[in-house]
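Beneath this line is the structure, given in structure tokens, with notes to follow.
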Amino acid sequence: LPPGNYTLVTWVKQPSSRTATYDSFASTPYTLSGCPSVNMTVNTTSTAAVGSTVAVSSTAGGCSSPLYAFWYLPPGGSWTQAQGYSTSGSWSWNTNGLLPGNYTLVTWVKQQGSGTATYDSFASTTYTLSGCTSVTLNGSPASSAAAGSSIAFIALASGCPNPLYAFWIKPPGGAWQELRGYGSSGSWTWNTAGYPPGSYTVVVWAKQQGSGVATYDIYISQPFSLG
């Protein structure tokens with residue numbers, strides 16, 4: 001049954017009584033209690049890098065046999081149930097594959113045996129999953145070289161403990177080309193043999209390892225001239 005205030009009633013009648021209901025009755029109020037409160041804590045501060053595992057712990061108050069369920073709301077998304085009702089108040093949130101941004105984490109709690117379809121009470125908190133916030137790109141030579149040369153680029157991302165890098169170029173009058181897919185090294189050597197002289201744009205994409213973003217957390221571009 002759901003928690004709340006009930007009225008209990010006894011009807012009584014004599015076996016030979018022809019009344020369809022009762023000869024007399026008595027009543028008393030009675031309360032079935034659920035879990036009136038729950039406290040939720042997170043093992044770190046209010047932010048972690050995408051790909052981290054975040055430990056969430058909840059403790060219910062006022063009920064003898066609580067059940068816990070955990071949900072999260074991603075930025076721009078819909079509610080996702082991460083863990084259905086169980087006796088464990090602990091949840092290890094694996095954020096691998098999620099997008100950077102602000103999330104709402106929620107614990108539902110109810111007394112074991114409660115007929116409520118949702119919760120007796122809940123607690124929520126805001127949590128931020130961070131990606132790479134900035135990236136630099138430096139070439140050697142810095143901005144121009146003879147066609148056919150090899151140019152060494154070094155990218156360095158900030159704000160993310162495990163960055164991945166991808167490198168692109170846009171040739172003069174041409175379309176974007178990915179010359180190296182995502183990898184953990186920020187070093188890349190562009191062998192320009194076979195590329196015509198002209199003005200190019202060199203771009204590095206950066207994202208935190210485990211980030212579910214399809215493109216990048218951050219990028220930077222710079223012009224480069226082949227003579």
Closest heavy-atom contact between [X] and [Y]?
X      : Y      : result
Ser221 : Thr201 : CB-CG2, 3.9 Å
Asp120 : Gln111 : OD2-N, 2.8 Å
Val109 : Ser37  : CG1-O, 4.2 Å

| said: Set out, in order, the CA-CA distance, both residues' side-chain angles and the distance that settles side-chain hydrogen bond (donor to acceptor under 3.5 Å, both in side chains) for Thr107 and Ser58, then state yes or no. | reply: CA-CA 7 Å; Thr107 300; Ser58 296; 2.7 Å; yes
| request: Flag the pair Trp188 / Phe167 as yes when their ring centroid distance falls below 6.0 Å, and as no otherwise. | output: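 Yes, close enough.
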| request: Among Phe70, Tyr68, Trp71, find the one that has a ring-ring contact (aromatic ring centres under 6.0 Å, His included) with Trp91. | output: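 When Phe70, Tyr68, Trp71 are each tested with Trp91, the ring-ring contact (aromatic ring centres under 6.0 Å, His included) holds only for Phe70.
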Enter the distance from [X]:[atom1] to [Y]:[atom2] here, rounded to the nearest 0.5 Å.
X      : Y      : atom1 : atom2 : value
Ser150 : Trp190 : OG    : CH2   : 10.5 Å
Lys207 : Ile218 : NZ    : CD1   : 14.5 Å
Tyr85  : Trp108 : OH    : CH2   : 6.0 Å

| message | With a sphere of 6.0 Å drawn around CZ of Phe25, does it hold more than 12 non-hydrogen atoms of other residues, nucleotides or ligands? | response | no
| query | Is Tyr182 atom OH crowded by more than 12 heavy atoms from other residues, nucleotides or ligands, each under 6.0 Å away? | reply | yes
| Set of residues satisfying side chain to side chain contact (heavy atoms under 4.5 Å, CB included) with respect to Pro196, sequence neighbours excluded |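 By the side chain to side chain contact (heavy atoms under 4.5 Å, CB included) rule, Pro196 matches Tyr200.
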| message | Tell me which pairs pass disulfide (SG to SG under 2.5 Å) where either residue lies in residues 71-138, with sequence neighbours left out. | response |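 As it turns out, the disulfide (SG to SG under 2.5 Å) pairs with a partner in residues 71-138, which skip direct neighbours, are Cys132-Cys160.
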Donor-acceptor list for residues 92-102 side chains, cut-off 3.5 Å, not counting sequence neighbours:
residue	atom	partner	partner atom	Å
Asn94	OD1	Asn96	N	3.0
Thr95	OG1	Gly51	N	2.9
Thr95	OG1	Ser52	N	3.0
Thr95	OG1	Ser52	O	2.6
Asn102	OD1	Thr128	OG1	2.7

